[in-house]
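So the structure is just underneath, and the comments pick up after that.
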Amino acid sequence: MFFWLDQFAVDENNTRTPSHDCDWWKNTFQSAIREIGAVVLVLQPWNNPMPLSRSWCLWEIYSTRVTKTKFDITMSSKEKADFAQALVTDFDNVLGSLSRVDLR
């Protein structure tokens with residue numbers, strides 16, 4: 001089993017001396033995602049998921065999609081229970097929480 005922890009592998013916050021140009025990100029990074037073979041998104045908290053508010057995370061999700069790489073979503077046991085309850089009792093909140101992505 002292999003793990004890709006993006007915060008240790010790529011410094012996406014380095015804006016002073018970018019390590020790679022746009023072509024590298026498009027080609028090499030997406031090739032790496034494909035070769036790794038699976039991506040797991042930690043949806044935490046379910047009702048305000050941090051990964052959906054970060055452009056880098058959205059880029060990783062996009063790269064996973066365009067490379068047709070296996071994609072799984074996970075959350076803690078408590079988050080799963082809260083999410084399951086909200087699906088039954090407050091679906092509008094679920095829909096609203098998971099559709100707040102603003103790509104501007």
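Note that the structure is predicted; figures quoted are calculated from it, not measured. What's counted below: heavy atoms across the whole structure, side chains too, no hydrogens, waters or symmetry copies.
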By ring-ring contact (aromatic ring centres under 6.0 Å, His included), which residues pair with Tyr62, not counting sequence neighbours?
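Counting only residues at least two positions away or on another chain, Tyr62 forms a ring-ring contact (aromatic ring centres under 6.0 Å, His included) with Trp59.
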Without placing hydrogens or testing angles, list every side-chain donor-acceptor pair under 3.5 Å for residues 87-97, not counting sequence neighbours.
{"unit_1": "Thr89", "atom_1": "OG1", "unit_2": "Gln85", "atom_2": "O", "d": "2.9"}
{"unit_1": "Asn93", "atom_1": "OD1", "unit_2": "Ser97", "atom_2": "OG", "d": "3.4"}
{"unit_1": "Ser97", "atom_1": "OG", "unit_2": "Asn47", "atom_2": "O", "d": "3.1"}
{"unit_1": "Ser97", "atom_1": "OG", "unit_2": "Asn93", "atom_2": "O", "d": "2.8"}

Side-chain heavy-atom pair [X], [Y] within 4.5 angstrom cut-off:
{"X": "Gln30", "Y": "Val66", "value": "yes"}
{"X": "Gln44", "Y": "Pro49", "value": "no"}
{"X": "Leu58", "Y": "Leu52", "value": "yes"}

Kindly indicate, with the supporting measurements, whether the criterion side chain to side chain contact (heavy atoms under 4.5 Å, CB included) is fulfilled by Val40 and Phe71.
CA-CA 6 Å; Val40 177; Phe71 182 72; over 6 Å; no
Test of understanding: with side-chain contact (heavy atoms from CB on, under 4.5 Å), list the residues that count as partners of Arg34, not counting sequence neighbours.
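By the side-chain contact (heavy atoms from CB on, under 4.5 Å) rule, Arg34 matches Ser31, Thr67, Thr69.
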Check whether Phe83 and Ile73 end up in the same hydrophobic cluster, where Ile, Leu, Val, Met, Phe, Trp and Tyr are linked by side-chain heavy atoms less than 4.5 Å apart.
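Linked, Phe83 and Ile73 end up in one cluster.
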Kindly work out whether a path of hydrophobic side-chain contacts (I/L/V/M/F/W/Y, heavy atoms less than 4.5 Å apart) joins Trp56 to Ile33.
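Yes, it is one cluster - the side chains of Trp56 and Ile33 are joined through contacts under 4.5 Å.
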Do Lys80 and Asp82 meet the salt-bridge criterion of a basic N to acidic O distance under 4.0 Å?
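No, this pair does not count.
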Which heavy atom of Lys70 sits nearest to which heavy atom of Asp72, and what is that distance?
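Shortest heavy-atom contact: CE-OD2, 3.2 Å.
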